[in-house]
Protein chains: 2
Amino acid sequence: MLRLSKLTDYAVVVLLRLADGDRATCRAGLSEPVQTSPGIAVATGVPEPTVAKVLKSLASANLVLSLRGARGGYRLARPLAEVSVADVIAAVDGPIALTACVDGGAGGCDLQGLCAVEGRWDLVNDAIRQALDRISLEDMCSASVPVAFRVMEPELVALPVPAVSAAAV
Amino acid sequence: MLRLSKLTDYAVVVLLRLADGDRATCRAGLSEPVQTSPGIAVATGVPEPTVAKVLKSLASANLVLSLRGARGGYRLARPLAEVSVADVIAAVDGPIALTACVDGGAGGCDLQGLCAVEGRWDLVNDAIRQALDRISLEDMCSASVPVAFRVMEPELVALPVPAVSAAAV
DNA sequence: CCCATACCGTACTGCGTCGGTCCAGTTAGC
DNA sequence: GCTAACTGGACCGACGCAGTACGGTATGGG
C-alpha cells in the first residue's frame, strides 16, 4: 500500500502549525517567535509526547531550530516553500527507498545473484524521490480545497476531541 | 522509510521470470507457454508457497493468466512493456496511497477537522502514482546498468540504518 | 472412469516494525 | 538556584506482514 508512517503526517501538521499557527495564512511566516511542543500539541490535537518526538526528528534534520531552556521552543529553520515533502519524509522516516535490497543495503538479500532485478528498483526510487522533491510544504498548504465533504460522518464529529477545537483551526 | 512490501519485489522477479526466464533477453516474450509456480520457485529462489501467493494476486489483477488442471500454469497477460510498476504494486500491495487519511478512507483519522492538511496528501499521492505509472517492467529489465554505481550515494551508504536518525539526508 | 497435477481460497501463526509513553539529563531564563 | 523546556535513550503493546498449511476444485492423461 506504499504506506507512509503516521509520524510523517504529524510532521507536516506540526510544520504547518509552526509556520504560522493560523491556517488561513499559509505563507511562510518566520515571524512567529517560538512555539513550545505542549503548545503545538494543544493547537493540533496531536498528543504532546508524539509532537515532541516528531520535533526532535525535525530538529536533527535541521528543518526546525530548537531553543533550549526556559522560554525555549521551536522555530522553522527556513520558509515552507523551501521545504520539500521529501525532506520531511527523510527526516522522520529515514531515507527514501522502496525496498531494503537497494541503496547499499547489500547485506540482506539472500537471493543475491539470483534476483533478476538486482538494482533495478533504483529507477523507481529516483522517480519517486524527484516527485517528492518537487512538492513543497507550501504547495500542500496553499491549495484551497473545500473541506466540506467529509463532515458527513456523524460518529466522527461527535468524538470527544477534548478542548482543542475552535481556537486552533 | 516509504517501504515497499517484499512481496512486490518478488512479484517483479516472478513477472520477469515469466516473461522469458532468461535474464539476458528481457524483451517481452509471450512465447513461453506456461510455467508452474514450483518451476518459477526453483528458477528464482523464492520459496514456492510465496511464489504461489504472489501469482494469485497477480492473476486476480489480470496481470497474468492462469490455466488450471494438469499441465496448467501461468502466462503473462500482456507484454512487460505494457505493465507499469504501479500496476504491480497495486496488484500486490493494494491501491497506492501514502496515508490512510486520504482517498476515501474517511474513516480513521480522529483529528478530523483539526488536521491542517486534510486532503493535502492527494497532491503527493498523484505525483507518486504518475511517477510509478511511467515506469514499465521492461524499463526495469532492459536498462543495462552495472549494479556498481550505487556507491555514488554517499549519504546513504554511510548511514548506520536506524530509522529515526536520517541526519544525512 | 480414476488419478495425478496444479491452481484456488482461506485460515493460522511468528516476527518485525511502528506508534506512543516515560524517565533521567542538560540548558537557559528569572 | 529554581524552574521551564529541550535532548536522548529505553521501553512496551499493537498492528501488519511474511510465510505456512490445508482442504477444495478443475483439467488432462492413462
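Since the model is a prediction, treat every value here as computed from it, not as a measurement. Protein chains get the first letters and strands the later ones, always in sequence-line order, with residue 1 at the start of each.
In this structure, A:Asn62 places its CG atom 15 Å from C1' of D:dC6, rounding to the nearest Å. One interatomic measurement links the two molecules: CG of A:Leu65 to C1' of D:dT7, which rounds to 15 Å at whole-angstrom precision. Taking atom OH of residue B:Tyr74 and atom P of nucleotide C:dA6, one finds them 12 Å apart after rounding to whole Å. In this structure, B:Asp9 atom CG and D:dC17 atom C1' are separated by 15 Å, rounded to whole Å. In this structure, CG of B:Leu58 is placed 14 Å from C1' of C:dC7, rounded to the nearest angstrom.
Residue B:Ser66 has no polar side-chain atom (N or O) positioned under 4.0 Å from OP1 or OP2 of C:dA6. Taking side-chain N and O atoms only, A:Ser37 has no distance below 4.0 Å to OP1 or OP2 of D:dA5.
Counting heavy atoms from C-beta on, the side chains of B:Asp87 and B:Arg78 come closer than 4.5 Å.
Among the candidates B:Asp93, B:Leu132, B:Leu7, B:Val83, the single residue satisfying the side-chain contact (heavy atoms from CB on, under 4.5 Å) test with B:Val88 is B:Val83.
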Side chains of residues 50-61 of chain B: which donor-acceptor partners sit under 3.5 Å, not counting sequence neighbours?
residue : atom : partner : partner atom : Å
B:Ser57 : OG   : B:Lys53 : O            : 3.3
B:Ser60 : OG   : B:Lys56 : O            : 3.2
B:Ser60 : OG   : B:Ser57 : O            : 3.0

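In terms of the side chain to side chain contact (heavy atoms under 4.5 Å, CB included) criterion, residue partners of B:Pro49 (sequence neighbours excluded) are, by chain and number, B:Pro47.
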Counting primed atoms plus P, OP1 and OP2 as sugar-phosphate and everything else as base, spell out the protein contacts along nucleotides 20-30 of chain C at 4.0 Å heavy-atom distance: B, S or - for each nucleotide, 5' to 3'.
BB---BBBBSS

